[in-house]
There are 2 protein chains.
Amino acid sequence: MSQSRPVYLKLRDQIAAAIIEGKYPEGEMLPSVRALAAEQGANPLTVAKAYQQFQNDGLVEVQRGVGMYVVAGAAGRLCSSEREQFLREEWPEIRNRMERLGIDLAELAGTLEAN
Amino acid sequence: MSQSRPVYLKLRDQIAAAIIEGKYPEGEMLPSVRALAAEQGANPLTVAKAYQQFQNDGLVEVQRGVGMYVVAGAAGRLCSSEREQFLREEWPEIRNRMERLGIDLAELAGTLEAN
DNA sequence: ATGAGTGTATTATGTCACTGATGCACCTAG
DNA sequence: CTAGGTGCATCAGTGACATAATACACTCAT
């Protein structure tokens, strides 16, 4: 009940953000499943499950016995696909909910600057 | 994978939207657990679990042997609480994600009209 | 009183996602 | 070849979720 969202999905989002922001540069090796697991206090298998999402999409390249590397263009492709998914699937629901709750876009505009 | 969100939470959201939109007017009786279960193809106990969220918050009044009634001011209170929750918990994450993906508020403004 | 309609409590069962521990296959450095 | 690092496959445990079958307490129209 405490953690509504699965850990491996949280890790996936976190890694995706890191790739897009260039924290894990293209061509570089990702942290090993054991290393990231120790850092995040999770199980290596849980980290591996998060990594698998990316190798299924061809965003990371696996070299068995060596490590997983970010392929060239991964950040761009990842950003594009997530952007499209957001606009197509998530935003409509958010928009409906805002409409129902009487929240205006202008009301949210100010928060964009308040970083 | 098909049902990422529990059924009783989906029902809860659906009922909350119906109350806010006035589909279930204040003072009126909610559909019985058996009736809504039959309509939604769910188990009566699952519907009861969804209803219980509302009686815990004092938004519906239970008359044993009769039914559950929407209390006066339920729509307003529900709208306020959900609005506050949205602004406090959900919007910051959405904002961060939009920033990372390079999505501008102006880009979304047009979709508000396209109902 | 009776019966049909409410919500609710109890117990049991099956499914599935999540997580974890262990061991294996692979590569590289020495 | 050996040692230590990879990723990965297998098996199992845990808990939430949904469903089910009853049974009960209550109210209201009849």
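In what follows, chains carry the letters A, B, and so on, assigned in the order in which the sequence lines appear, proteins first and then strands, with residues in each chain numbered from 1.
Listed pair T46(A) / dG20(C) meets the phosphate criterion, a side-chain N or O lying under 4.0 Å from OP1 or OP2. An OP1 or OP2 oxygen of dG5(D) is reached within less than 4.0 angstrom by no side-chain nitrogen or oxygen of S32(A). In terms of phosphate contacts, K49(A) brings a side-chain nitrogen or oxygen within less than 4.0 Å of OP1 or OP2 of dC18(C). A close approach under 4.0 Å does not occur between any side-chain nitrogen or oxygen of Q55(A) and OP1 or OP2 of dG7(D). Considering only side-chain N and O atoms, Y51(A) lies nowhere under 4.0 angstrom from the phosphate OP1 or OP2 of dG7(D).
Computed from coordinates, the R5(B) CZ to dC18(C) C1' distance equals 18 Å when rounded to whole Å. Look at CD on Q53(A): it is 16 Å from P on dG7(D), rounded to the nearest Å. Rounded to whole Å, atom P of dC18(C) lies 12 Å from atom NZ of K10(A). Rounded to whole Å, the distance from CG on N43(B) to C1' on dA12(C) is 13 Å. What separates OH of Y69(A) from P of dT6(D) is a distance of 11 Å, to the nearest Å. Atoms CZ (F54(A)) and P (dC8(D)) sit 14 Å apart, rounded to a whole Å. Atom CE in M68(A) sits roughly 15 Å away from atom C1' in dG5(D) (whole-Å rounding). Between the CZ atom of R12(A) and the P atom of dT19(C) there is a distance of 15 Å, given to the nearest Å.
Using a cut-off of 4.0 Å between Lys/Arg side-chain N and Asp/Glu carboxylate O, E99(B) and R95(B) are scored as salt-bridged. Using a 4.0 Å cut-off between charged nitrogen and carboxylate oxygen, R77(A) and D57(A) do not count as a salt-bridge pair.
Counting heavy atoms of neighbouring residues, nucleotides and ligands inside a 6.0 Å radius, atom CD of E89(A) exceeds 12 of them. Counting non-hydrogen atoms of neighbouring residues, nucleotides and ligands closer than 6.0 angstrom, the CD atom of Q40(A) exceeds 12 such neighbours.
Nearest heavy-atom pair, K10(B) versus R5(B), reported as atom, atom and distance to 0.1 Å: CE-O, 3.5 Å.
Inter-residue side-chain proximity for Y51(B) and L36(B) is flagged as met; some heavy-atom pair is nearer than 4.5 Å.
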Going 5' to 3' along nucleotides 22-27 of chain C, which nucleotides have protein heavy atoms under 4.0 Å from the base (write B), which only from the sugar-phosphate (write S), and which from neither (write -)? ---BBB
Could you walk me through whether I94(A) and E90(B) pass the side chain to side chain contact (heavy atoms under 4.5 Å, CB included) check? CA-CA 10 Å; I94(A) 296 172; E90(B) 300 182 36; over 6 Å; no
